[in-house]
Amino acid sequence: MSMANFFPLKFLLSLFLLVWTATPSSVSGDRKTYIIHMDKSAMPAPFSTHHDWYISTLSSLSSSSSDGVAPTHLYTYTHVMDGFSAVLSQAHLDQIRNIPGHLDAYPDTIGHLHTTRTPKFLGLKKRAGIWPAAGFGNDIIIGVIDSGIWPESESFKDDNMPPVPARWRGMCEVGTEFNTSHCNKKLIGARSFSKGLKQRGFNISKTDDYDSPRDFYGHGTHTSSTAAGSRVQHADYFGYAEGTAVGVAPMARIAMYKPLFFHETDLKSAAADVLAGMDQAIEDGVDVMSLSLGFPETVFDGNPIAIGAFAALKKGIFVSCSAGNSGPGAYTILNGAPWITTIGAGTIDRDYAAHITLGDNELTVTGRSVYPENLFVSHVPIYFGYGNQSEKLCAPHSLDPKDVAGKYIFCAFDYDGLVGFAQQLKEIFRTGAAGAILSSDMGKFLDPTDFNMPYVTINPKDGELVKNYMMNVKNATVSIKFQITVLGTKPAPQVAFFSSRGPALQSPYILKPDILAPGVDILASWVPNRDVQPIRDQYLLSNYALISGTSMSCPHVAGIAALLKAVHRDWSSAAIRSAMMTTAYLYDNDNGIITNMETGAAGTPLDFGAGHVNPNKAMDPGLVYDIEVEDYINYLCGLNYTGSQIRVLTGTSNFTCEHANLDLNYPSFIVILNNTNSTSFIFKRVLTNVADGSSTYRAMVNAPEGMKVVVQPATISFAGKYSKAEFNMTVSISLGTNAIPHDDYIGNFGFLSWYEINGKHMVRSPIVSAFAP
Ligand SMILES: *[C@@H]1O[C@H](CO)[C@@H](O)[C@H](O)[C@H]1NC(C)=O
Ligand SMILES: *[C@@H]1O[C@H](CO)[C@@H](O)[C@H](O)[C@H]1NC(C)=O
Ligand SMILES: *[C@@H]1O[C@H](CO)[C@@H](O)[C@H](O)[C@H]1NC(C)=O
Ligand SMILES: *[C@@H]1O[C@H](CO)[C@@H](O)[C@H](O)[C@H]1NC(C)=O
Ligand SMILES: *[C@@H]1O[C@H](CO)[C@@H](O)[C@H](O)[C@H]1NC(C)=O
Ligand SMILES: *[C@@H]1O[C@H](CO)[C@@H](O)[C@H](O)[C@H]1NC(C)=O
Ligand SMILES: *[C@@H]1O[C@H](CO)[C@@H](O)[C@H](O)[C@H]1NC(C)=O
Ligand SMILES: *[C@@H]1O[C@H](CO)[C@@H](O)[C@H](O)[C@H]1NC(C)=O
Ligand SMILES: *[C@@H]1O[C@H](CO)[C@@H](O)[C@H](O)[C@H]1NC(C)=O
């Protein structure tokens, strides 16, 4: 496939997948929203709560302000950090910076978004494995930080659910078209956070979004139902993907925290609101948090999700985040902090098709289409230019509407990549043709919503057959059957072209993404009030939508974490992540290493992390690589974060950097080559036995040419459950003098696997090299 062809299309698609945001600002003068970190121990004695202290501090500023506009308090934060957010002038900010107890202040930033067959694809079964073992996620509460929820969706029915866990402290908020009676035993909490956006001049009225937890856009309804939706029979997307829709943890509870609002063309969120949502989720008592959004990847103490996730970590809350949709280039990861589980997106083994018959059964081929009408085209004339190359390619303005009106057009494959696929589609649309057959290998990159007219893409090999037929037959006709769902497609999974790739720019010494989960054409619940698909001059609505993005892979892992928590109440977030990573699989259903969708070539751990998540196996990993809160602090020390940065990020000042260490006890290994052809690194790791009884494991190493790996000791023993053992692993990279730095360093990979002797466990970690950013 030619890259010239690929990139324009990718751009076209990314409009649906990735929502970057502008920053409108109607806040007057130099007033801006700031997030202010405070040291609570400096609170003067008269105040009984830190909230009172902040309010009093702000009102004392207003009396001494020169511009006469009082500061506006937005939120007080208790869990994600000690501090508050407020709208301040520069003069106010300067005064706050001099108050005893002030630690840090930075301006609010804007975040962006990163969408069933998947339970079956994940191997989840009603009567065996993790589903019954976990009671389907019973009593686990998943906090989803997203665009709200459509509470009437069948996916949020609470039939047969036991009472809400007594420990739950959350509630359902009253707002536009939302009140407490919209919650039930499935949807147990719903709140919205918009003060930060409103300060930026966003008018959240019913015309744009609901000023309440109700979802206007559909994104939050989709992610929530993916993580923990109830079973719904006969769900489909305009006849495609028909079947029973069910979330990954169908008995888990959902609490929605909405800081994402639709405005003008896309969803937007302010850091101040995201922090407030995460703060509330911690206060309410969620067990797992799912965040399908991201902020620009800055130092971690300037990133609201990294800050909120650190606070969650301290409370034992598992945090799953999307890796971003900025792939396939290296160093495009978002949410790459090591205390976050960072999820890439993979395809599943399902596709959407149309059957094409030429003439009277003279030639039949199957192509790709997600055209949303139950159309049966029968013996319609099909047009293939008049011997003119640019017509055959459906080049811009090459077709005469008179020739093609009411007909199907066949557009040939463009080997030279002169006419982009998106241009071909535009030309077909312009001429008013009835539909089209496009010979192209770009079809797999199309989003369902791109099928806004009845066309089918066929691969260029079939395209040659159609072309030969067309050349030999006068007045050819075509018949097409749309709305076909194909299961078991190969190869699957593949790494989605848009999925952000490692290493992580802010901390390249930890491999990211962590793991791959389904994120392409995922069917889940949607809002029924907003069009999902424009067709000619109509708009179509659907209760279910097929959406793609790392936004969709993230809630799959949140659901799996809920299942693992239900089975192993005592596991830390690091243990849960380790269990998922060391049991992930590397081979697709065609028995090859998982490939990259855009090239078809084998992927590397920089594309898929430890591999594709495998929930049944993750339930019983044998050993885990565990991490304590102070290990992360030592890692931040190793990154040379200052004492005050670490304090702002972790909310503690009780630490030293005596044990600064970039070698976190992580279940994967990455060696960064910084402008050299060879290097050597010694990793030190500790394994914890989480299986019953004693056991012995032997190390097996799989290393590519140019990478030498020595494990000491090569055999380790565990006395019983929770006993620990240490090992060292020396990785030496020597790429030879002919190495081309970027190409040969990036993604050269092997594996360390611990095999249980006389046992069934295998604990595998990727070892990968990459060049420095
Ligand atoms: C909540 O809203 C529904 C309609 O959406 C209404 O029927 C119900 O009475 C309301 N409940 C309360 C407590 O206001
Ligand atoms: C917000 O929009 C609504 C509806 O368009 C309008 O009535 C209202 O005046 C607007 N409010 C502000 C503060 O602009
Ligand atoms: C070939 O295409 C061009 C436009 O690209 C058009 O001007 C010309 O008339 C076409 N020739 C024939 C023979 O149809
Ligand atoms: C093709 O169609 C045209 C116009 O409908 C007609 O004049 C012509 O005879 C047809 N040719 C054949 C071979 O059927
Ligand atoms: C941290 O600082 C030390 C001392 O200046 C330096 O050797 C080391 O490379 C730095 N680490 C990173 C990750 O930049
Ligand atoms: C500070 O950390 C040390 C070592 O981790 C711990 O023993 C001590 O209790 C901590 N002190 C406070 C006030 O938390
Ligand atoms: C790992 O290596 C260090 C020296 O680099 C050594 O002191 C330690 O004993 C080794 N540990 C194991 C488990 O081999
Ligand atoms: C690696 O070796 C090649 C060949 O000797 C040399 O051209 C290149 O500069 C080396 N790369 C680095 C980063 O040292
Ligand atoms: C690579 O080396 C340069 C110069 O020695 C240093 O500034 C940089 O921090 C290093 N990068 C990494 C990722 O270690």
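Whatever order the structure lists them in is the order used to number ligands and atoms, beginning at 1. Small disclaimer: the values here were computed from a predicted structure and weren't measured.
Taking OG1 of Thr176 as the reference point, atom CZ of Phe216 lies at 12.5 Å (rounded to 0.5 Å).
Contacts between Glu177 and ligand 1 below 4.0 angstrom, taking non-hydrogen atoms only, are absent altogether. Residue-level proximity to ligand 9 for Phe771 is absent, since no heavy atom of it falls below 4.0 angstrom.
Protein residues with a heavy atom under 4.0 Å from ligand 6 are Asn654.
Here the side chains of Asp82 and Asp39 are not in contact, with every heavy-atom distance at 4.5 Å or above. A 4.5 Å side-chain heavy-atom check between Glu154 and Asn543 finds every atom pair outside the cut-off. Residues Val701 and Phe751 have side chains not in contact (no heavy-atom distance under 4.5 Å, counting atoms from C-beta outward).
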request  = Let me see the working for Glu630 and Asn634 under side-chain hydrogen bond (donor to acceptor under 3.5 Å, both in side chains), right down to the final yes or no.
outcome  = CA-CA 6 Å; Glu630 62 196 75; Asn634 291 335; 5.5 Å; no
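Residue Asn179 has at least one N or O atom closer than 3.5 Å to an N or O atom of ligand 1.
Aromatic rings from Tyr77 and His37 are positioned such that their centres are separated by 6.0 Å or more.
Looking only at distances, no side-chain donor or acceptor of Lys684 sits under 3.5 Å from a matching main-chain atom of Asn728.
Note on residues 295-319: pairs passing side chain to side chain donor-acceptor pair (under 3.5 Å), not counting sequence neighbours, are Asp301-Gln645.
The atoms of ligand 1 that sit less than 4.0 Å from any heavy atom of Ser181 are 1 (C), 10 (C), 11 (N).
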